[in-house]
Engineer: 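Below is one structure. I have some questions about it.
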Amino acid sequence: MKRILKLAALLAAVLLVFAACSKGADADSAPFHIGVVTGSVSQSEDDLRGAEELIKLYGDSKTGGMITHLTYPDNFMDQMDTTISQILSLADDAKLKAIIVNQAVPGTAEAFKRVREKRPDILLFAGEPHEDPPVIQEVADMAINSDFISRGYTIIWAAKQMGAKAFVHISFPRHMSYETLGLRRLIMEQACTDLGMQFIFETAPDPTSEVGVAGAQQYILEKMPQWIEKYGEETAFFCTNDAHTEPLLKQLFAYGGYFVEADLPSPLMGYPGALGLDLTAEAGDFQKILKKVEESVVAKGGAGRFGTWAYSYGFTVTAGLGEYARRILAGETQLGDKASLNDSFAKFTPGAKWASGPYVNALTGQQASNHMLVFMDTYVFGQGYLPTTAQAIDPKYYEISVNN
Amino acid sequence: MRNVKSFVADNIVTLIFLTITIIAIPFSGLSGSYIISNLIDRFARSSFLVFALILPIMAGMGINFAMVLGATAGQIGLIFAVDHNIMGTEGLILATLVGIPLSVGLGWFSGQVLNRARGREMVTGFILGYFMDGIYQFFGLYIMGWLIPIRTAQVMQIDGGGVRNTLALESVRGGLDKIVSLKVGPFSIPVVTFAVIAVLCLFIIWFRRTKLGQDMRAIGQEQGISHAAGINVDRTRILAIVISTVLACIGQIIYLQNLGNMFTYTSQRQAGYYAAAAILVGGATVSKASIKNVFIGVFLVHALYITTPLAGKALFKSAMVGQYMSDFINYGIIASALVLHAWKNKRAADLARAGLRMSAEAQAAAGGVA
Amino acid sequence: MNLRSLVVKITLAVVYLVLAVWAYGAGKGYPLYIDNTDLSKPTMLSVVIDGKSPVRVREGAYTEIMVKGARKHTISLVLPSGAEYRETFRFPAGAQAAEIRVPELAPGSDPVVRPVLPRQDR
Amino acid sequence: MSSIKTFIADFGWPRIIIALFLLSLFVAAPIVGVDLGASIGDVLNRFGQNAIMVLALVPMVQSGCGLNFGLPIGILAGLLGSTITMQLGLTGLTGLLVAILITIVFGVIFGYLYGKLLNNVKGEEMTIAMYVGFSAVMLFSILWLVLPFNKADLVMGYAGEGLRRSIALEDYWGKLLNNFGQFSIGGTPIPTGLLLFVGLCVFFVYVFMRTRTGTAMTAVGSNPDFARASGVSVERMRTVSTVVSTVLGGIGILAYQQSFGWVQVYDAPLFMAFPAVSALLIGGASVTKASMVNVVLGTFLFQGILTMTPSVINNVLKNELSEVIRIIVTNGMIIYALTRKTKVAK
């Protein structure tokens, strides 16, 4: 019994001592802080690089700047606890006025709820939320998704333009249970029927399961030659998981087939690994990166068969939301100003065409004022931009719903 | 002096992690009130699960990593409650009512398996957890929605087959924590949750004194002698696991109602892993555990979890290193606690053997062969 | 002894069953929809039901709030202007869901709670 | 009749069922439209990829240390071997040989330390090994970020530091063993070099287990007291077995990488011990006894099922059942082995 008391007393004393001294804030010049939470480099590099770009622009809060950057765990599907407490720990800083989570992995909504209970003054932005739209709309001040509805049509349209006759959609149960991804699959299926293409759904292992990334990539490597043989070389491939992208591209270069764009498109997505590119010299400059990737794709005989977005989606969302939050906090604009949001994104993507619109709930037809869907023109290597953002999309695609 | 030495030797694991925590706190830059309010929250959330480990340790079966099975049962209960739109405290009660029979069955099963794997209970239990993952996925993805109808779109997968991967537990969120929430300064204390934990403590204290509790401790000491003394060893061991599994089931429900969100197919994996780390850090060994160990362990482990990612980040100037750092510490806690304990045991055994040999030699020398 | 254990078992089973039935009945949730889709006079409001933490209903939103049990509930809707509407209501017998339309809120009168079908069944 | 019975008893029902299941998958494959030749090629390839890692478990089983759930430690040695060699810019056969050399050096160091640790935790080896493996992988995740790798195709393109999540081996020694003497029989590519390399390793371990050290090791495993009495140092033998196991684990991952085409760092090795353990047990090994036959048979059966189930079942049912089956079979086998009454009396 004595021991318990001793230990407890020691623990309490320690906590109190450090509670007192840990708040010895140094001379901090920034008027406010912005918290940015992204995946790690090994999980989603682009998102993290966007946070680093923000740090480069506005400084790290530890050294008098604005940005506090944290990462959620690699195996976020196992460790929701950690994700929540990482996000929540940001709210401990009284100067922190905005939190950006990109990608908003499961647990973000709960963390936002808790932040809101404690600190209603903090702006909460979610990039590419994994949780269902109504859940995240309820708690976030602004959510950004890549336009899973329009792209359900435009990716198929682009595949047809590039010359594909069939479309293979590679995914697995966890992803198909996300409303955004599941819905897009249904739209793609419909678009294929309408445009006279064959739609095929293939299952590959989930990289977050215990086969790990290695097992998942191995599966794609092994299966691709067989799939291409089965469905023909005039087939476009699409996968919903980032980890699948690299082996997919590698095999497409070797065996033929088309690739319109990745789930979260970026010139950095899959290509550098599949092509063995060194981009050190081009770091940070997406126009140069795109050029180098293009040269290499064309050299490998992939002209006209491979596409991407000219700028990284993940990078832009992190950086763009950060910029938007800064503008709001600095009083340059206010929450809900769409023009300023677009402008914040454009800051990181000079010369690119974006299309954006509010999320529309297929069930109720309501528009969400705080949930934007964005997408960009597809850039086909060795060929140039496809005007995907200029396509007129049949309204019926917006009415496809997952619940019937 | 000697007292201090033996105190250190007895609590080496706890002291090591106390030191790490003390070092990590200033580096993390977190405020005391944040750490304390987070600790209260996490204590309410996860200590019940840790209690589930006490009985099997008492019965000499080591850390019951198979408690994951109980957590799974709890999750099935919650799926049921959410699917039928039963809200709040009533929803949790219903989930518990559904979970308990399931966890009794699963506990009986894992007890049987562990009885056949004597001497390797821990690793078997660990693998049993993974095995259950497969069965559970089969249940959630194929049986549910086919044999057992799913009523709510919120629970059903988009393509209509099985239970979703992430389940929002909004309807039962805080169903226990928020019945009575006491505000003390900046902290809010979930009174009912703490009351439930207190009742569980009393139960364990009472249980140790019952015939069954005594039997378990006897088995934990020495199975052979217990058997000779007429204790049904196998049955008692199974009962220890069954109770542990049921407690894990309730513990998981408490844990998830606090978290408000559930990864249908992975949340249960975390249960055994956090709980094992906590009880070991609290000074329990694989053969001895008490309520005290649970309390100290939960506080220390969570203080570590709260501070290490940020401390790692501050030390290495990289958010990612901070994250890996805390993962490393998470696994390292269990590894080093087990190692230190096994090492202590071995030293004790060596000492005993040396003592035995010496006394034997002394006897031989004194008595001679005569 | 045998009889005693039988009695204990039966009692346990009965308690178990009663508890389950009670929990099922008392905890059953019913959806209450807040219809804020009319954008002619866009306004955001926060809704408090039975003294729980407020739920924000954005302009243009059709928000579903789950309400526990078919018993008496108090609801209060607060507009940014500070205007507050309170109403005590009970789910009409047989109704599975209810709806409140924001445009119908009029100063001085209580909000109208009308029974509707749950969304999935529509 | 009785001979069949003893055969079945020896072979074990689970193995027979799994073998029959695999056989039925092979039979069903052409019916459901899966290319049988290519599938057999995949199975052979995967067999070659994984066999050495399964082999790595044998010495420790024989010396009584149980199943080496700490295999990731050996794998980390192999990762160090390949990344350092790549950083030095060595390619082709030279590269692979240097990588093996470096792997052996690190493997011996890691194995020695790991063996010392396990000697101090007798009786709890498996549980502890698992967690030691996990934490070693996470520790190395930090190292991959901060070690001074700077070769352009190794590090992350954007920042120029920290290893990539997966590094292409194509320009180094990717497929080197696979392509050595590769030929096809009826559309089935045979990875000759890989199979030869595996054969070599199996032969090496086979011979090693029959040397004085090897037999002493087995003696330690089957009866430590007797071994001690006959003058064999139990501790030393256990350490030697751990070193051999760790080195083999490292070489195993090298063979795996060259066929897979990528070096995978960070948390990739975390769960690699489980399939290996499962394969060995399917092959008929127990926690205390394992042979070369167990390794070869087990790897073939296990990898066969892993390769064939998804393609065949997905073609029939069009869903994700195969993933579930895999989890149940893998872990079910480990449990079966752990719960089997071992004949060695303790």
Engineer: For B/E222, enumerate each residue passing the salt bridge (Lys or Arg N to Asp or Glu O under 4.0 Å) test, keeping only those at least two apart in sequence or located in another chain.
Structural biologist: none

Engineer: What's the separation between atom CD1 in D/I328 and atom CZ in B/F131, rounded to the nearest 0.5 Å?
Structural biologist: 6.0 Å

Engineer: D/M130 and B/V123: which non-hydrogen atoms are nearest, and at how many Å?
Structural biologist: CE-CG2, 4.2 Å

Engineer: Does any heavy atom of chain B fall under 4.5 Å from the side chain of D/L143, the backbone, both, or neither of them?
Structural biologist: neither

Engineer: Rounded to the nearest 0.5 Å, what separation is found between the CG atom of D/N331 and the CG atom of B/L128?
Structural biologist: 9.5 Å

Engineer: Does any backbone or side-chain atom of B/Y136 lie under 4.5 Å from a heavy atom of chain D? Answer side chain, backbone, both or neither.
Structural biologist: neither

Engineer: Can you establish whether the number of heavy atoms outside D/R236 located under 6.0 Å from its atom CZ is more than 12?
Structural biologist: no

Engineer: Please determine whether side-chain contact (heavy atoms from CB on, under 4.5 Å) holds for the pair B/I127 and D/F274, giving the CA-CA distance in whole Å, both sets of side-chain angles, and the decisive distance to 0.1 Å.
Structural biologist: CA-CA 9 Å; B/I127 308 288; D/F274 288 79; 3.5 Å; yes

Engineer: On the 0 to 90° scale, with breaks at 30° and 60°, tag the B/F126-D/Y131 ring pair as parallel, tilted or perpendicular.
Structural biologist: perpendicular

Engineer: With only heavy atoms counted, which part of D/L117 is less than 4.5 Å from chain B, the side chain, the backbone, both or neither?
Structural biologist: side chain

Engineer: Quick check for you: to the nearest 0.5 Å, what is the distance between B/R116 atom CZ and D/I335 atom CD1?
Structural biologist: 12.5 Å

Engineer: Can you tell me which portion of D/F140 sits under 4.5 Å from chain B's heavy atoms? Options are side chain, backbone, both or neither.
Structural biologist: neither

Engineer: Taking atom CE of B/M122 and atom CE of D/M126, what is their separation to the nearest 0.5 Å?
Structural biologist: 10.5 Å

Engineer: Let's go through B/Y324 and D/Y266 carefully: what are the C-alpha distance in whole Å and the side-chain angles of both, what is the deciding distance for ring-ring contact (aromatic ring centres under 6.0 Å, His included) to 0.1 Å, and is it a yes or a no?
Structural biologist: CA-CA 9 Å; B/Y324 284 134; D/Y266 299 108; 5.8 Å; yes

Engineer: Using heavy-atom distances under 4.5 Å, tell me whether D/L139 contacts chain B through its side chain, its backbone, both, or neither.
Structural biologist: both

Engineer: Looking at D/Y336, I want to see if its OH is surrounded by more than 12 non-hydrogen atoms of other residues, nucleotides or ligands under 6.0 Å.
Structural biologist: yes

Engineer: Got a second to check how far B/R120's CZ is from D/L67's CG, nearest 0.5 Å?
Structural biologist: 8.5 Å

Engineer: Determine the minimum heavy-atom distance between B/A335 and D/S135, stating which atoms define it.
Structural biologist: CB-OG, 4.0 Å

Engineer: Could you walk me through whether D/F134 and B/F328 satisfy the ring-ring contact (aromatic ring centres under 6.0 Å, His included) test, starting with their C-alpha distance in whole Å, then the side-chain angles of each, then the deciding distance to 0.1 Å, before giving a yes or no?
Structural biologist: CA-CA 8 Å; D/F134 286 163; B/F328 167 59; over 10 Å; no

Engineer: Around atom CZ of D/R228, are there more than 12 heavy atoms from other residues, nucleotides or ligands closer than 6.0 Å?
Structural biologist: yes

Engineer: Is there a side-chain contact (heavy atoms from CB on, under 4.5 Å) between B/L338 and D/V121? Walk through the geometry before answering.
Structural biologist: CA-CA 8 Å; B/L338 289 172; D/V121 298; over 6 Å; no

